[in-house]
Structures are given as structure tokens and as C-alpha cells.
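Computed from a predicted structure; not experimentally measured. Residues take their numbers from the sequence shown, with the count starting at 1. What's counted below: heavy atoms across the whole structure, side chains too, no hydrogens, waters or symmetry copies.
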Amino acid sequence: MASTVSFSPTNVQMLQGRSGHGHSAFGSCFAVPRAGPRLRSTAVRVSSEQEAAAAVRAPSGRSFEECEADAVAGKFPAPPPLVRPKAPEGTPEIRPLDMTKRPRRNRKSPALRAAFQETSISPANFVLPLFIHEGEDDAPIGAMPGCYRLGWRHGLLDEVYKARDVGVNSFVLFPKVPDALKTPTGDEAYNDNGLVPRTIRLLKDKFPDIVIYTDVALDPYSSDGHDGIVREDGVIMNDETVYQLCKQAVSQARAGADVVSPSDMMDGRVGALRAALDAEGFHDVSIMSYTAKYASSFYGPFREALDSNPRFGDKKTYQMNPANYREALIETAADEAEGADILLVKPGLPYLDVIRLLRDNSALPIAAYQVSGEYSMIKAGGALGMIDEQKVMMESLMCLRRAGADIILTYFARQAAGVLCGMGSK
């Protein structure tokens with residue numbers, strides 16, 4: 001039965017078809033449709049597929065049957081000559097360097113760069129810090145564009161929903177406690193009906209599969225703004241503070257927290273928390289210790305978010321000296337021995353060497369906190385057009401991973417996860 005193949009006069013010579021054996025040829029040979037729609041242009045009527053194939057020839061003028069016969073016989077046309085791209089005029093003509101190893105070979109294409117990438121990052125590596133307060137409305141934080149004090153009943157749930165939509169399933173809670181509830185001993189920290197326990201119960205009810213980290217420290221609850229109880233001479237009391245922290249951690253675990261995170265830097269608190277949790281039957285609640293938390297100037301925007309600046313002095317008697325490196329090993333050994341499950345370094349990017357130090361000296365998971373000051377600087381640089389915010393954001397997070405962080409606490413979590421999911425910067 002005859003078939004109709006339509007051609008326009010300009011592409012008769014360019015169109016190539018199937019061989020008589022029905023196999024698609026390679027290179028310059030393309031399939032000819034057996035029956036296409038009738039066009040108003042000139043139609044060529046042929047009596048069979050063989051005639052159609054014979055009517056279309058390769059650019060050399062030979063039929064495809066002839067080309068295929070040569071291929072079967074091992075007769076192949078000479079490849080086109082290799083043409084090297086020209087260098088710009090004025091480029092010196094030199095003898096190539098005598099090098100057996102050229103690392104750039106493994107960077108020459110996107111596919112090769114992806115194949116040999118040593119460090120990867122995904123939304124599963126992110127923990128999103130969330131600021132919560134008793135109010136109904138979300139209050140923007142001036143020093144942290146894009147961050148809010150979230151109303152614990154509504155805005156918080158919306159933020160968690162959006163984060164989960166791009167693959168972020170871990171969250172850490174930081175409360176803005178009303179001043180009227182703050183006391184020198186921070187008793188509100190272990191109120192089972194306080195803001196944090198209520199929020200944990202709500203989140204676990206709405207999203208039972210998420211991972212909830214909590215902050216264990218007295219500064220949000222202290223009328224003095226310090227992480228511990230302050231003696232009349234200004235000394236931060238260690239053991240008495242640890243006693244309060246144990247009650248706080250148990251209260252959070254009772255509400256459903258998955259990981260309690262002592263950020264106070266009191267001595268011995270990890271062991272005491274482990275004993276207190278175990279005594280109450282919370283053997284499965286993990287401890288993420290702020291192992292190397294430095295007395296850093298990068299925390300400024302965070303303290304604005306929670307209104308938790310110390311009322312006097314500073315935190316240098318309990319947080320680490322930014323000049324110290326080896327001291328982190330002392331804290332690492334102590335936290336491991338006392339039963340920590342995760343070790344955290346804070347801040348992140350300015351302390352990459354400390355992250356690597358912990359990674360090389362511990363088999364425990366390592367966390368890094370990309371703190372508020374780091375976030376705000378990247379946001380400000382992007383807003384002023386000085387940097388590409390998205391690219392710097394992703395590079396900074398990759399650097400934290402490369403240094404050895406398994407998880408990263410970052411305010412960029414949802415935005416970065418959107419980029420990784422191909423949804424852009426959300």
C-alpha cells in the first residue's frame with residue numbers, strides 16, 4: 001500500500017529517514033515519518049518505504065543503504081579535522097608545561113564538577129530557629145529581615161508548615177517571655193504550662209513527625225538577662241543554676257521535646273541533665289550540648305529578638321574566649337564523658353576551625369549555629385547590592401558542612417531549602 005510523506009521544497013535534501021531494516025541511523029540520519037499529516041505544500045508520492053528511503057540521501061549523495069553497507073563492512077568516513085579554539089590575539093606561543101597532573105581536568109564541565117563534589121547539603125541538614133511569643137500577631141525583628149516573633153498559636157504553625165513543604169523538619173524554639181514573668185532565679189523556665197511547653201504540645205499535635213529542639217538556659221526567664229543565677233556580687237552561680245536547668249529540661253521533655261540543648265555553658269550541666277532526664281524516664285530524649293559557645297559579638301540581633309541582653313556586665317565568665325582554640329577540646333571531652341549526644345559550635349562561620357577541631361576529635365554528630373549576626377550581615381550585603389545574597393547564603397552553608405557540621409542551625413533554613421528543592425529563594 002502506498003504511503004504519503006510530506007516535504008517542503010526547502011527540506012527535501014536535509015531530511016533523512018529510517019533504513020530499510022527499520023533501525024534508526026546515527027549521526028546525520030534521522031527518521032522519516034511513515035504517515036504524517038497531509039500538508040498543503042508539495043507532496044511526494046512513493047510506492048513503498050524502500051523507495052522513500054532511497055529518495056533521501058546523505059549529504060555525501062549516497063543512499064542510506066550504501067552508508068549502512070559500508071558501516072557493516074567496516075568502512076567509515078574520516079572524522080572531521082580537530083579544530084582547536086583560537087586564543088586571543090597577542091597570546092604568547094609557548095611550549096606547554098611539563099605536568100602530569102592538572103587538577104583543572106576534573107573541573108572542566110558541570111557534570112564532572114558534580115561527580116567529584118566532596119560535600120553535599122540538603123534540607124535534612126537544617127534546623128530552623130523559631131522565635132515565639134504570647135501575642136497573636138507576628139512581630140518583625142528589625143535587625144533580622146525576614147524573621148519574626150511568631151504568635152505561638154497561628155504564625156508559628158504557618159511557618160512550620162511552609163518549612164516542611166521544602167523539606168525542613170527540625171526546629172529549635174526560643175521564647176520571648178513577658179517581663180512580668182522574669183525573676184532572678186528564672187522559675188518560669190520550668191513552668192509546665194509556660195510558653196515553650198505549650199508550644200511543644202501544640203506542634204507535636206499538629207506535626208507529630210517533626211524534631212523539636214529546645215533551648216536550656218535561664219537568660220530568657222531571668223530578670224538579670226544572664227544564663228544563670230546572679231549572686232549579689234555579680235558572680236554567676238554554677239551549681240545552683242544547673243539545678244534549675246535540670247528542672248527546665250525535664251519540663252520540656254515532659255511536653256514532648258526530642259532534643260534538649262543546654263546553651264548556658266555552666267560546668268557539669270550535661271551530666272546533671274542526663275541524670276535528671278533518665279530519673280524521670282526520658283531515656284530517649286537527646287542532649288545537644290553547646291560545647292564550644294563563645295562570648296561573641298555576633299549575637300546582637302538575637303538578643304534584640306528576645307530582649308535578653310544582660311542587665312549588667314557580659315557573659316565572659318561562662319562563655320568561651322574567642323581567642324581560644326584548644327580549650328574547645330576540654331569542653332568536648334567533658335560533654336562526651338557526661339553523655340552528650342550532639343556537640344554544637346556557636347557561632348558558625350567565624351569558627352570553622354573549631355568545627356573541624358571537634359569533627360576530628362569526636363565521633364558524635366557535630367552541629368554548627370549560623371547565628372543572627374551572620375544572617376543579618378548577609379541580608380544587609382544583599383539588600384545593598386554588595387553581594388549576591390542567595391549565592392553567599394548557599395556558599396556559607398556549604399562551608400559549614402565542609403568544615404564538619406552534620407546539622408546547621410540557621411535562619412536561612414527555609415530560604416536555602418527552597419533553593420535546594422528548585423523552588424527558588426522562598
Smallest separation among heavy atoms of Val371 and Tyr299, with atom names: CG1-CE2, 3.9 Å
For Gln319 and Asp314, test the side chains for any donor-to-acceptor distance below 3.5 angstrom and give the result as yes or no. no
For residues Ser362 and Glu336, is any side-chain donor paired with an opposing acceptor at under 3.5 Å? yes
Main chain of Leu245, side chain of Arg269: is a donor-acceptor contact present, judged purely on distance under 3.5 Å? no
Under 3.5 Å, is there a donor-acceptor pair between the Ser261 and Asp215 side chains? no
With Asp192, the salt bridge (Lys or Arg N to Asp or Glu O under 4.0 Å) member among Arg198, Arg254, Arg201: Arg254
I'd like to know if the side chain of Thr91 and the backbone of Ala87 have a donor-acceptor N/O pair within less than 3.5 Å. no
I want to know whether Phe412 and Tyr375 have ring centres closer than 6.0 Å. yes
Distance check, rounded to the nearest 0.5 Å: Cys399 atom SG versus Arg402 atom CZ? 4.0 Å
If the condition is ring pair (Phe, Tyr, Trp, His ring centres under 6.0 Å), which residues does Tyr351 pass it with, not counting sequence neighbours? Tyr294
Any side-chain donor-acceptor pair under 3.5 Å between Lys247 and Tyr190? yes
Partner residues of Glu395 under the side-chain hydrogen bond (donor to acceptor under 3.5 Å, both in side chains) criterion, sequence neighbours left out: none
In this structure, OH of Tyr221 is separated from CG of Asp227 (nearest 0.5 Å) by 12.0 Å
Under 3.5 Å, is there a donor-acceptor pair between the Gln370 and Ser396 side chains? yes
With salt bridge (Lys or Arg N to Asp or Glu O under 4.0 Å) as the criterion, how do Asp137 and Arg149 come out once you've worked through the C-alpha distance, each side chain's angles and the decisive distance to 0.1 Å? CA-CA 8 Å; Asp137 298 327; Arg149 292 176 183 168; over 6 Å; no
Look at the side chain of Asn238 and the backbone N and O of Asp267, then say whether any donor-acceptor pair between them is shorter than 3.5 Å. yes
Between Leu181 and Glu188, the two heavy atoms sitting closest are O-CB, 3.7 Å
Angle between ring planes, Phe312 versus His226, binned at 30° and 60°: parallel, tilted or perpendicular? tilted
For salt bridge (Lys or Arg N to Asp or Glu O under 4.0 Å), just list the numbers for Asp219 and Lys182, CA-CA rounded to whole Å, side-chain angles, deciding distance to a tenth of an Å, and then say yes or no. CA-CA 9 Å; Asp219 53 325; Lys182 296 181 180 182; over 6 Å; no
Output for pair (His154 NE2, Leu202 CG), nearest 0.5 Å, gives 9.5 Å
Side chain to side chain contact (heavy atoms under 4.5 Å, CB included) between Tyr411 and Phe131, intermediate numbers included: CA-CA 10 Å; Tyr411 306 98; Phe131 301 113; 3.6 Å; yes
Side-chain ion pair, Arg414 and Glu159, N-O less than 4.0 Å: yes
Leu400/Leu352 under side chain to side chain contact (heavy atoms under 4.5 Å, CB included): CA gap, chis, key distance, verdict: CA-CA 7 Å; Leu400 292 167; Leu352 293 177; 3.6 Å; yes
Inspect the contact between Arg274 and Asp335 and indicate whether a charged nitrogen and a carboxylate oxygen are less than 4.0 angstrom apart. no
